Amino acid sequence: MTTKQFKAESKRLLEMMVNSIYSQREIFLRELISNSSDAIDKIYYKALTDEALSFDKDNYYITVEANKETRTLKISDTGIGMTKEDLENNLGTIAQSGSLAFKSETELKDGHDIIGQFGVGFYSAFMVADVVTVISKALGREEAYKWESKGADGYEIVPIEKDSVGTEIILSIKENTEEDSYDEFLEEYRLQAIIKKYSDFIRYPIKMDVTNSQLKEGSEDEYEEVTEEQTINSMVPIWRKNKSELSDEDYENFYAEKHYGFDKPLKHIHISVDGTVRYNAILFIPENMPFNYYSKEYEKGLELYSNGVLIMDKCADLLPDYFSFVKGMVDSEDLSLNISREILQHDRQLKVIAKNIQKKVKNELKSLLKNDREKYEAFYKSFGTQLKYGVYSEYGAHKELLQDLLMFYSSKEKKMVTLDEYVSRMPEDQKYIYYATGESPERIEKLPQTELVLDKGFEILYFTEDIDEFAAKMLMTYKEKEFKSVSSGDLGIEADEAETNTDEEKQENKDLFEKMKEILADKVKDVRASKRLKSHPVCLSTEGDVTIEMEKVLSAMPDNQNVKADKVLEINVNHDVFESLKAAFDKDEEKVRLYTNLLYNQALLIEGLEIQDPVEFTNDICKVMA
Ligand code: ADP
Ligand code: MG
């Protein structure tokens, strides 16, 4: 008999499991029990559509048996079983996502994030066992097989006798080491506690022999040990329980057991509705972003149950895209069991539930923002971008719903603020909601365009993500206040009288600006004296709807249409540099050309735009220095 090798990724994972420093080894039991429960579910489904098959609830259960002498723990089920091919395919590979490669080595090392993320449940058995044996007989088959593995080295499959359909998993529990004790996984009371903690709501009985001291029959003071089989789990699904019976820990355990995420949820929402459409739901707002959240791979959706039976893993129709981060499940008595995906899409009941869920999630986020700012900001850090996409998508159809959930970094508060907070402290003479775009608050702070607005004492919102400005354009206004880029032509701020130039100067400047515009040709739409610059010599502003930031974002898109912002070169006429320009005007055409190009290129650099000819630019600087 040759030993087969695991697929490469599985092998790595197995090594990790074997040498696991994962603190909660006990979860292996949760994983194996949940697999057994899935296997029974599969028979249940089959019986729904297969006339020849009947599902008698009494025949379906899971047993847990510990044997201290042989140091083995056996988990058996009467589920659908596995064929030889199933054993090979399901237990020899981590087939599902193959995305283990996504994770960095360091993340892999502690194993913490891994469990459950890739459907690696079964492998967790190797955290407590040196040998794992699986004996299984598939429904409708005569033959049974034994799969056995000592870990990363590989596995063997051989034929074996087995009377009934189902699966037995036999774990040879590891010997204790100096650091670790494994004995606990053979202790009745400990196993009972683990089952209660993680698998209480499993819908099928989990049976185990339990030994109790009982008064001997006919005796008044003599006790005897009596062993009898008991069902350990209550079998009531958590979503059917009363909120008041449940603790945060119960919800957290459910979240982990369901593999909704490997973080702790920030918030849970337990819904029980008994209206025209009856349903129960448990929803979670995760704290951390799934590693593939902003990629195509990420699939949104909630688990959908019909009267306690899972009918769909990820029902996408239950969640709008802007709330795609929500995890959880919905159980409704009013949905038919063998409903198809296509029919489901048009299901009226489902639509009502979806609408309801959307409202609940929104309210929950709102109350989090109001009552637990720290948590909300943690949430926003992970999923704020998605909310902003939500504002922008579908031509702004959801902006009303989402605008109060948005946050941006504030020049005044030096932290994230809401639009409501911004607007409510606007001074009377401030017309607009000002924003500035850039890579980071540090970079934006240095932008010359912010000077005038900040000098006026007005607050600026810092837009540091590509989507920000697009979302603001879609919003247009918030509480009737228009959004205004600090780089836009008209800032709506009165220039100081004392600083306006005399008519004579204006005429003189006009000719100079004309000249500069001619030099820059189609690179800028206009050259003019700046009202917003205080200490910097130059900056770019824009006219019209397209800002420089938008030009950058749009040109980075694959099918960019070469959309350009109408740029205006603004010159600080109170700056020394302007004196030099004036002095050169009419006398030294070459110098005016040199200065103009230098100033223009400087303005580009400040905006984070590319200089067309860097060599020429450095040569120009040298000319000035020489
Ligand atoms: P997941 O449960 O997420 O699919 P696991 O690693 O826990 O991943 O299990 C891998 C696969 O092995 C399961 O999808 C199932 O097909 C099969 N399997 C595991 N345990 C059993 C069992 N007790 N009965 C039938 N099939 C099982
Ligand atoms: Mg599993």
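All figures in this text were calculated on a predicted structure; none of them were measured in a lab. Counting starts at 1 for both ligands and their atoms, following the listed order.
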**Message:** Show the atoms of ligand 1 that are less than 4.0 angstrom away from any heavy atom in Leu91.
**Reply:** 12 (O)

**Request:** Under 4.0 Å from a heavy atom of Met82: give me the atoms of ligand 1 that qualify, with their elements.
**Result:** 17 (C), 18 (N), 21 (C), 25 (C), 26 (N), 27 (C)

**Request:** Please state which part of Val134 comes within less than 4.0 Å of ligand 1, counting heavy atoms only: side chain, backbone, both or neither.
**Result:**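 The answer is neither; Val134 stays 4.0 Å or more away.
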
**Asked** Side chain, backbone, both or neither: which part of Ile169 comes within less than 4.0 Å of ligand 1 when only heavy atoms are counted?
**Response**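 Within the 4.0 Å criterion, Ile169 makes no contact with ligand 1.
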
**Message:** On a heavy-atom basis, I'd like to know which of Ala39, Ala138, Ser76 is closest to atom 24 (N) of ligand 1.
**Reply:** Ala39

**Asked** Does Asn35 bring an N, O or S atom to under 2.8 Å of the Mg ion (ligand 2)?
**Response** yes

**Prompt:** Could Glu303 and Lys314 be called an ion pair, given the rule that one side-chain N must be under 4.0 Å from one carboxylate O?
**Reply:**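 Salt bridge flag = no for Lys314 with Glu303.
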
Could an N or O of ligand 1 be found under 3.5 Å from any N or O of [X], whether backbone or side chain?
{"X": "Asn35", "answer": "yes"}
{"X": "Asp77", "answer": "yes"}
{"X": "Asp38", "answer": "no"}

**Pairwise side-chain contact, Tyr293 with Ser324, heavy-atom cut-off 4.5 Å (strictly under)** = yes

**Asked** So, do Met208 and Ile195 sit near enough that their side-chain heavy atoms are less than 4.5 Å apart?
**Response** yes

**Item:** Set of side-chain hydrogen bond (donor to acceptor under 3.5 Å, both in side chains) partners for Lys388, sequence neighbours left out
**Value:** Glu465, Asp468

**Prompt:** For the residue pair Tyr155 and Trp147, does the interplanar ring angle fall in the parallel (under 30°), tilted (30 to 60°) or perpendicular (over 60°) class?
**Reply:** parallel

**Request:** Classify the angle between the aromatic ring planes of Phe379 and Phe383 as parallel (below 30°), tilted (30 to 60°) or perpendicular (above 60°).
**Result:**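 Judged by the thresholds at 30° and 60°, the geometry between Phe379 and Phe383 is tilted.
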
With a cut-off of 3.5 Å and sequence neighbours excluded, list every side-chain donor-acceptor pair involving residues 278-288.
residue	atom	partner	partner atom	Å
Arg278	NH1	Glu333	OE1	3.4
Arg278	NH2	Asp334	OD1	2.8
Asn280	OD1	Ser272	OG	3.2

